[in-house]
Amino acid sequence: MTEAGTTAGEILSIFPNESGAAPQPSGSPSGGVIAARVNGELRDLSYQVRDGDAVEPVDIASDDGHAILRHSTAHVMAQAVQGLFPHAKLGIGPPIENGFYYDFDVPSPFGPDDLKAVEQRMRQIVKQGQLFSRRVVSEDEARAELASEPYKQELIGLKGSGASSGEESVEVGGAELTIYDNLDPGTGALYWKDLCRGPHLPSTRYIPAFKLMRTGGAYWRGSEKNQQLQRIYGTAWESRAAQDSYLELLAEAERRDHRRLGAELDLFSFPNEIGSGLPVFHPKGGVIRRVMEDYSRRRHEEAGYEFVNTPHATKAELFETSGHLGFYKESMFPPMELDGADYYLKPMNCPMHVLIYRSRGRSYRELPLRLFEFGTVYRYEKSGVVHGLTRARGFTQDDSHIFCTPGQLAGELASLLDFVVGLLRDFGLTEFEAELSTRPEKYVGNPDEWDAAEAALKHALDASGLPYVIAEGEGAFYAPKIDVHVRDAIGRRWQLSTLQVDFQEPGRFGIEYQAADGSRQRPYMIHRALFGSIERFFGILLEHYAGAFPPWLAPVQVVGIPIADAHVPYLSKVAALLREQGIRVEVDDAGDRMQKKIRTAQRQKVPFMLLAGDTDVAAGAVSFRYRDGGQRNGVPVDEAIAEIVTAVRDRIQV
RNA sequence: GCCGGUGUAGCUCAGCAGGCAGAGCAGCCGUCUUGUAAACGGCAGGCCAGCGGUUCGAAUCCGCUCACCGGCUCCA
């Protein structure tokens, strides 16, 4: 039975925590339950419960627990920053995935040494065990108490003007304004306070592990029209071990960075002389790319696509018609003037494909017409956003435009989605999630058509069995779309494919087909890119495999390593046999020792190393070494060749 | 585009209270002829990102430009 004055924490102390361990005594810093969910709302453990309240524990290691921990750590950081930089004004400080940040308005930006000092100060605050104490305030009280915090004033103002829902923040979300005081656990003296909806950890001692990660500029309230504040990112975890494994994941991601691997494996580069965001592929990267394209072409051919080619530049008129010059001019390279006309590098292939469609009259019998091209496009990405192969200024889309009748739309989308996922699977990706983006507030076209298109996309998703979420109002202004995301080998999410149903462009270009009844009809058009861009997909695969491509994609599939120079001719014969089977093979005849050659091949992540010494030569055999360090000795040459050829043919990872 | 950081040999980095440009790896040439992640020796390699300034003197200090890195905004 609940008594008056009972807190959520007291109620919960009779329950074991989620990990099954004994309940933590009040004030314990070692994790377990750190907050409560009362009637579905997250509350502090000090929350006063009432009769009949449903009280559930929130473990620090849960998603909610992480958010509370990180938000509280953000407060500790802000206190530390204001201790060291009294002129710092507070922005916002929410928890985010894997961490938190807090924005500050400071006279001069933070440097690396500042970060160390802040972290040092934070450790003192954590050690002190300051209590987080909640207090409801009126708007006027909040304004008075936070008179020196202009950004908080603005947030209170937002809250005051209230009714504009949806923009709940960690500062002023919920029904009332609250301030959290940081109090000395012994004397109750006030160290610091912040406008905040909470909930928080009981005290700063409940922060088991944290680390400040990086700094950067960030626009106030996310708009580049506003003042830029200085943001500090940090992370916090329920244990040192959990934090270490997170940091290890980051280190692994860095080792896999495609820009690093691209240089190490001699795959591609970005020559300064060419310009930012414009990659060149070296021979080894070129092989991978060619294999990717060849495979994609073959699959498209089998799926009934027709191949087209279009130029890289065009007169302005084309993009005026398509609407790009109206909407996306900023992202296009500026025009060049030739013969009195403006020419643009193309940022998209679709208008050219539409022109191919329009080059003659079309019959319903030709539909669906599936045009495919590896089409290179150029987009003027802003200087600060260019990022390796994943955000380039020149890149090649595996772009297709499908023209179909309204009646064909649903079937076409369903088979298309199947095709997309099937092809991605062949490249070794296994986890997919989709997103259906529906009609935005600002849209063009007929709502009935939108509904029909959205229903068709949804139907396709349901039929595909892919897990998906609906992103309400996130569609492009001219069309709803499906985005397919993948998870890579270390769980990171990448957006890849996109499918859009477009009713706009067919109208802009006035394309038609003649229906069975002799009438002229407007076709639907589906845009889709599957890799997105070859460069980007290349980069994602490179990171997914950490450079250790499966044999069918590996630029060098086999390296022959002689035990001594005398064995080079023998291995060269084996290599010739492999080459006859279309295998990319090299024999390392450099002056290095065998061990060094193994090291070299290993670092180049070559799938198969074939060694041969006197024993192998005598037996007509070779010895395998695999990338994982395993070996298989004395394998007859025929058998070795079969093993390699099979792995390549069946696209097996080894 | 905005905020901050960085730019020295192909790569990773040292040198920077202003005074002759360094190492390891990679490369090339030798010697060694080796059984599963680095043999040994030698040679070569640089307009210290570019341009301008301060100075008797600049890789080092200052300014601008370019590029890259981390954020923000953006990603049709």
Side-chain angles (χ1 to χ4, degrees), chain A residues 91 101 103 106 108-112 114-115 213-233 254 257 259-260 263-264 266 269-278 319 322-332 347-348 350 377 379-388 390-393 395 475-479 481 495 498 500 502 504 527 529 532-533 536 561-568 590-604 609-616 622-634:
Chain A
Y101 66 81
D103 289 342
V106 279
S108 63
F110 302 110
D114 296 330
L115 226 60
M213 305 299 288
R214 53 174 60 96
T215 59
Y219 298 108
W220 169 237
R221 297 186 62 207
S223 169
E224 58 188 331
K225 294 190 187 90
N226 290 340
Q227 159 130 27
Q228 194 157 52
L229 307 179
Q230 292 303 313
R231 176 171 296 178
I232 302 178
Y233 284 94
E254 202 176 315
D257 190 311
R259 295 165 300 184
R260 167 201 287 255
E264 282 176 6
D266 195 15
S269 61
F270 294 86
N272 242 286
E273 294 81 347
I274 296 179
S276 181
L278 298 168
F319 289 116
S322 70
H324 290 102
L325 275 173
F327 284 93
Y328 311 117
K329 190 170 184 180
E330 270 185 18
S331 305
M332 293 169 65
M348 293 191 119
C350 45
V377 297
R379 300 180 183 181
Y380 178 70
E381 300 290 355
K382 288 193 279 184
S383 61
V385 308
V386 171
H387 183 95
T390 54
R391 196 80 183 272
R393 283 179 171 166
F395 57 92
F477 71 95
Y478 56 89
K481 61 174 179 173
Q495 191 199 318
T498 178
Q500 303 178 352
D502 184 355
Q504 201 48 26
H527 302 247
S533 89
R536 180 178 155 80
I561 297 176
I563 300 301
D565 286 351
H567 310 116
V568 169
D592 296 320
R593 304 195 139 187
M594 178 264 301
Q595 287 87 342
K596 177 63 179 297
K597 293 179 180 181
I598 287 170
R599 178 180 153 90
T600 303
Q602 193 83 42
R603 303 224 306 185
Q604 287 297 304
M609 285 163 252
L610 287 187
L611 281 73
D614 289 339
T615 324
D616 297 290
V622 289
S623 295
F624 276 96
R625 179 185 163 104
Y626 304 99
R627 284 187 294 216
D628 64 1
Q631 46 180 298
R632 239 184 103 207
N633 297 327

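- For D616(A) against rG35(B), a side-chain N or O and a base N or O form a donor-acceptor pair under 3.5 Å.
- For the pair Q230(A) CD and rG71(B) P, the computed distance is 14 Å after rounding to whole Å.
- Side chains of N226(A) and E224(A): no donor on one and acceptor on the other come within 3.5 Å.
- On a pure distance criterion of 3.5 Å, no polar donor-acceptor pair joins the side chain of T215(A) and the base of rG5(B).
- Side-chain atoms of R379(A) come within donor-acceptor range of the base of rA76(B), with a qualifying N/O pair under 3.5 Å.
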message = Between H567(A) and D614(A), does the side-chain hydrogen bond (donor to acceptor under 3.5 Å, both in side chains) criterion hold? Intermediate values first, please.
response = CA-CA 8 Å; H567(A) 310 116; D614(A) 289 339; 2.7 Å; yes

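- Listed nucleotides: rG35(B), rC32(B), rG1(B). Nearest to the side chain of V385(A): rG1(B).
- Checked by distance alone, R391(A) brings a side-chain donor or acceptor within 3.5 Å of a matching partner on the base of rC74(B).
- rG7(B) and rA17(B) are spaced 23 Å apart, taking the C1' atom of each and rounding to whole Å.
- With distances taken from any side-chain atom of Q631(A) to the nucleotides rU36(B), rU34(B), rG1(B), the minimum falls on rU36(B).
- Here, rG45(B) and rU55(B) have their P atoms 35 Å apart, quoted to the whole Å.
- Contact annotation: side chain of S623(A) to base of rG35(B), donor-acceptor pair present below 3.5 Å.
- In this structure, the CG atom of N272(A) is 12 Å from the P atom of rC66(B), given to the nearest Å.
- Applying the 3.5 Å distance criterion, the base of rC72(B) shares no donor-acceptor pair with the side chain of E224(A).
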query = According to the Watson-Crick and G-U wobble definition with distances under 3.5 Å, which dot-bracket string, read 5' to 3', encodes RNA chain B, using [ ] for crossing pairs and | for pairs with another strand?
reply = (((((((..((((.....[..)))).(((((.......))))).....(((((..]....))))))))))))....

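- Per the geometry, CG belonging to D592(A) stands 15 Å off P belonging to rA37(B), to the nearest Å.
- Contact of Q595(A) with rU36(B) (side chain to base): no donor-acceptor pair of N or O atoms is detected under 3.5 Å.
- With C1' as the reference atom, rG18(B) and rA58(B) are 6 Å apart, rounded to whole Å.
- Contact annotation: side chain of R625(A) to base of rA37(B), donor-acceptor pair present below 3.5 Å.
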query = Please walk me through it: do R221(A) and Y219(A) pass side-chain hydrogen bond (donor to acceptor under 3.5 Å, both in side chains)?
reply = CA-CA 6 Å; R221(A) 297 186 62 207; Y219(A) 298 108; over 6 Å; no

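- Taken from CZ in R391(A) to CZ in R379(A), the straight-line distance is 9.5 Å, to the nearest 0.5 Å.
- Only the P atoms considered, rG53(B) is 28 Å distant from rC68(B), to the nearest whole Å.
- The base of rU36(B) does not come close enough to the side chain of K597(A) for any donor and acceptor atom to sit less than 3.5 Å apart.
- A donor-acceptor contact under 3.5 Å is not formed by the side chain of Y219(A) with the base of rG71(B).
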